[in-house]
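Below you'll find the structure, written out as structure tokens, and then a few comments.
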Amino acid sequence: MVVRQSRLFIPTLREDPADAEAVSHKLLVRGGYIRQVSAGVWTYLPLGWRVHQKVVQIIREEMDAIGGQEMLMPVLTPAELWEATGRIAVPEVFHLEDRTGRKFVLPMTHEETVTFHAREIQSYRQLPQILYHFSVKDRDEPRPRGGLLRVREFIMKDSYSFDRDEAGLDLSFRKHEEAYHRIFERCGLTVHAVQAESGIMGGKESVDFLAPAGAGENTLVTCASCGYAADLEIARGVPRAPELPEPLDAPAEVATPGVTTIEALAEFLGIDEAATSKAMPVVMADGTLVLGLVRGDDRLSESKLLGVLGRDFRPASEDEIRATFGARGGSLGPVGVTVEVIADEALREGQFVAGANRDGWHLLGVEAGRDYEPRFADIREPREGDTCARCGGVLGFQVAIEVGHIFKFGTRYSEPLRATFLDEDGREKPLVGGSYGIGPGRVLAAAVEQGHDEHGIVWPRTIAPYDVHVLALYGGAGEVLEQAEHVAALLGAEGLDVLLDDREERPGEKFADADLIGCPMRVIVGRKTLSDGRVDVRSRDGVVDERMEIANVVKWATSL
RNA sequence: CGGGGCGUAGCUCAGCCUGGUAGAGCGCUCGCUUUGGGAGCGAGAGGUCGGCAGUUCAAGUCUGCCCGCCCCGACCA
């Protein structure tokens, strides 16, 4: 297929949009792919929609390959379904009413609706099922950002599996995991599958697909030696060994007037920050106070502590701290307290300086097991350069975009919505489900983050809006345009998507736009190439740049 | 929701401190020249200066309130 650029709506911009920060945001706007309508609300212009649809088609093929059945569920959803599952209370849900006052929601995913349909599954003989669709999701995000990275409305491929038991769910889950790897690979993305934070949901398996990028909202922790990969929120790292002072037989009080920070404490005592401990009191929903204890040079990981406590919590207030410990926040320690102490694994061995629960005083030589009885857990946030817990290698950090998330929800939705089936043993059981999401928009943004240079986008072949960009540098010379049309037609006849720049623009502008748009292959036709029937071909990644016979151009383009 | 910044032509911005006829570059239209990395000359079109209220003889500029957008944080089944 050949299209003439002179007829297309591709509004490229010479300068970066003023409000853009992320590379993908800048380049997609400049390249005429997307435009913002409102905060977190975007239009895909014709070029952007072509890329989106190419991603969609790849996903579709891989979903069909694992037995997925495409369907379409509505956006407008009666609120009763969400009341039944309790998700009506999720703050990100958009609410609206019809003229009679009947309540609806705009769903953020479709578990309720698909489970509503799954009620028609009656027998184990009809299982398993994998249903999916591409549809609009709305989320009242408090803070959209980064162009397509975090938006309030987007299209998601969400699929849902229904099985008779956990074993079946495992299988459906693995099928999706493998399909997702193929999808991202076909889209030309580098992606790491990592165990995702399960938070208060607990127990259920959840895998995130993270694409390393210059902009993103997740931090991917990887070990180059053994391939370990995890989200920062649950990653495990081993901190460097501390320089511990001579051990004491018992804790000794030391006056530390005005010292309330770890930095000041280490400075004051002339010791390693890693030889101190830091206490963080938190309060759970039921009012119970817990003391989190990490090494002085570490940060408490809130997501890990959430996993350990199994319940939501908040930092304790100054009043609560005073009432419980009799001291201010900067002077707290684990010795002699009545509340539960959760200590990080790094504090298991050795003696550390801790707060004395007395303003202006600390304790030297505090030892876990001897001076206090903590519950040990991994609650520290890993740091770049930590040692890999698995192989001893060095942990590196990368900013990453979450492009996919697969999740086992079990009977979370089938129970409240009473989606049951009759099993082989004659008993009625709730369907066991999983949900699996990919945001094509984020895939697109991640592809730009991973594939660009100073001039513009460098698309992977598989999702580029067009395979070949033919530039006619004709300057009013009809023969040049004819040759360009000829080459374009030959390429188009081979099944390639060809964008023919037949605009009456100067060469520099055509080159600049072509760089920005980023089609993987380029053919340049101009006065220079008229003489001997050869044209210039160039790959966007710069690997190929040569003049060749038109017949060979077709071979080259179809072989890539 | 807390902190910071911004809102003037299609885009990127100046003008605001110190009130007095609304500007530049790019883009757009027409003409001529030019044509292998964002051309040159000439002539034009284009703006309720985010909104409302106030101060003033006079408000893009000062004051108040509101709205929108961006960034950091919180949040993110």
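The sequence lines fix the lettering, A, B, ..., with proteins before strands; numbering per chain opens at 1. Source: prediction; values computed, not measured.
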Can you tell me the Watson-Crick or wobble partner of [N], both distances under 3.5 angstrom?
| N | result |
| --- | --- |
| B:A43 | B:U29 |
| B:G37 | none |
| B:A58 | none |
| B:G64 | B:C52 |
| B:A22 | none |
| B:C75 | none |

Regarding [X], tell me which of base, sugar-phosphate or nothing describes its non-hydrogen contacts under 4.0 Å with the strands shown.
| X | answer |
| --- | --- |
| A:Arg503 | nothing |
| A:Pro17 | sugar-phosphate |
| A:Gly437 | nothing |
| A:Ile524 | base |
| A:Asp16 | sugar-phosphate |

Under 4.0 Å between a side-chain N or O of A:Arg506 and OP1 or OP2 of B:A39? yes
Residue [X], side-chain heavy atoms: nucleotide from [options] that is nearest:
| X | options | value |
| --- | --- | --- |
| A:Lys528 | B:C71, B:G37, B:G36 | B:G36 |
| A:Ala18 | B:G37, B:U12, B:A77 | B:U12 |
| A:Asp536 | B:C76, B:A77, B:G36 | B:G36 |

Is any NZ, NE, NH1 or NH2 atom of the basic residue among [X] and [Y] found under 4.0 Å from an Asp or Glu carboxylate oxygen of the other?
| X | Y | value |
| --- | --- | --- |
| A:Arg503 | A:Asp513 | yes |
| A:Glu217 | A:Arg145 | yes |
| A:Glu92 | A:Arg139 | no |
| A:Asp297 | A:Arg383 | yes |

Check whether the side chain of A:Arg143 and the base of B:C76 form a donor-acceptor pair under 3.5 Å. no
So which protein N/O to nucleotides 46-49 of chain B N/O distances come out below 3.5 Å?
none

What residue pairs, at least two apart or across chains, pass salt bridge (Lys or Arg N to Asp or Glu O under 4.0 Å) with a residue in residues 128-138 of chain A? A:Lys137-A:Asp158
Any chance the rings of A:Trp42 and A:His25 have centres within less than 6.0 Å? yes
Review item, nucleotides 65-69 of chain B N/O atoms under 3.5 Å of protein N/O:
{"from": "B:C69", "atom 1": "OP1", "to": "A:Ser38", "atom 2": "OG", "distance (Å)": "2.9"}
{"from": "B:C69", "atom 1": "OP1", "to": "A:Ala39", "atom 2": "N", "distance (Å)": "2.8"}

